[in-house]
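One structure is given below, encoded as structure tokens.
In the text below, chain A, chain B and the rest are named by the order of the sequence lines, each starting its count at 1.
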Amino acid sequence: MVTDSFYERVYAIVREVPPGTVVTYAEVARRAGSPLASRATGYALNALAWDADVPWWRVVNRTGGISDRPGVGAMVQRERLEAEGVVFSSDGRLDLRRYGWDGAGASGFGGQQ
DNA sequence: CCAATGACCGTAA
DNA sequence: GTTACGGCCATTG
């Protein structure tokens with residue numbers, strides 16, 4: 001720890017992500033200060049532990065799906081998100097338009113579905 | 001310091 | 001709609 005750097009910044013952001021909401025790596029990187037550091041963002045989460053104090057499972061790629069990660073398995077993340085109230089599409093993807101944390105929030109409408 | 005890696009993103013064909 | 005390629009960032013060896 002103590003890694004006072006992009007790392008902690010990403011953790012702080014992910015930690016601020018409310019339940020039932022997901023954010024893309026690009027979004028986190030954007031909030032971290034580097035909109036193009038999406039790669040480094042994944043690297044930071046990679047250093048995280050499955051039981052870290054950071055809801056890394058709320059972080060997904062731009063496709064709204066779960067990236068292929070070593071070890072654990074995307075399957076675990078899907079269950080975690082479902083437990084948060086997130087619903088996946090038949091393609092295994094979720095609507096960033098609705099669950100996307102950019103404040104979007106679910107304004108309630110929009111409707112698609 | 002230089003080289004390589006990585007849970008990615010964006011654009012093009 | 002999918003597939004392919006390049007680029008950019010930060011961390012580690």
Q: Taking all heavy atoms of A:P55 and all of A:R15, pick out the closest pair and write down the distance.
A: CD-CA, 3.9 Å

(Q) What is the separation between atom CZ on A:F6 and atom P on B:dT5, rounded to the nearest whole Å? (A) 21 Å

Q: Remember a base hit wins even if backbone is also touched, and classify A:S67 as base, sugar-phosphate or nothing at under 4.0 Å, heavy atoms.
A: sugar-phosphate

Q: Give a yes/no verdict on a cation-pi contact between A:R80 and A:W50, requiring under 6.0 Å between NZ or CZ and the six-membered ring centre and an angle within 45° of the axis.
A: no

Q | d(CD, A:E8; P, C:dT11) in whole Å | A | 11 Å

(Q) Rounded to whole Å, how long is the line connecting atom CH2 of A:W56 with atom P of B:dC8? (A) 13 Å

Q.
On the nucleotide C:dC8, are OP1 or OP2 found under 4.0 Å from the side-chain N or O atoms that A:S38 carries?
A. no

Q.
For B:dA7, does the base pair up with any side-chain atom of A:Y43 as donor and acceptor (N or O, under 3.5 Å, distance only)?
A. no

Q: Indicate, with a heavy-atom threshold strictly under 4.0 Å, whether A:A40 touches base, sugar-phosphate, or nothing.
A: base

Q) Are A:D91 and A:S89 close enough that a side-chain donor and a side-chain acceptor fall under 3.5 Å? A) no

Q | Along DNA chain B (nearest heavy atom to each residue), the more 5'-positioned of A:T41 and A:R62 | A | A:T41

(Q) Regarding A:N46, tell me which of base, sugar-phosphate or nothing describes its non-hydrogen contacts under 4.0 Å with the strands shown. (A) base

Q.
Could you tell me how far apart A:Y7 (OH) and B:dG6 (P) are, to the nearest whole angstrom?
A. 13 Å

Q) Between C:dC8 atom P and A:R39 atom CZ, what is the distance in whole Å? A) 12 Å

Q) Between the side chains of A:R58 and A:Q77, is a donor N or O closer than 3.5 angstrom to an acceptor N or O? A) no

Q) Looking at side-chain heavy atoms only, is the closest gap between A:W101 and A:V28 below 4.5 Å? A) no

Q: Please state how far atom CZ in A:R9 lies from atom P in C:dA10, giving the value in whole angstrom units.
A: 10 Å

Q | Interatomic distance where CG belongs to A:L36 and C1' belongs to C:dC9 [whole Å] | A | 8 Å

Q.
I need the CG-C1' distance between A:L45 and B:dA7, as an integer number of Å.
A. 7 Å

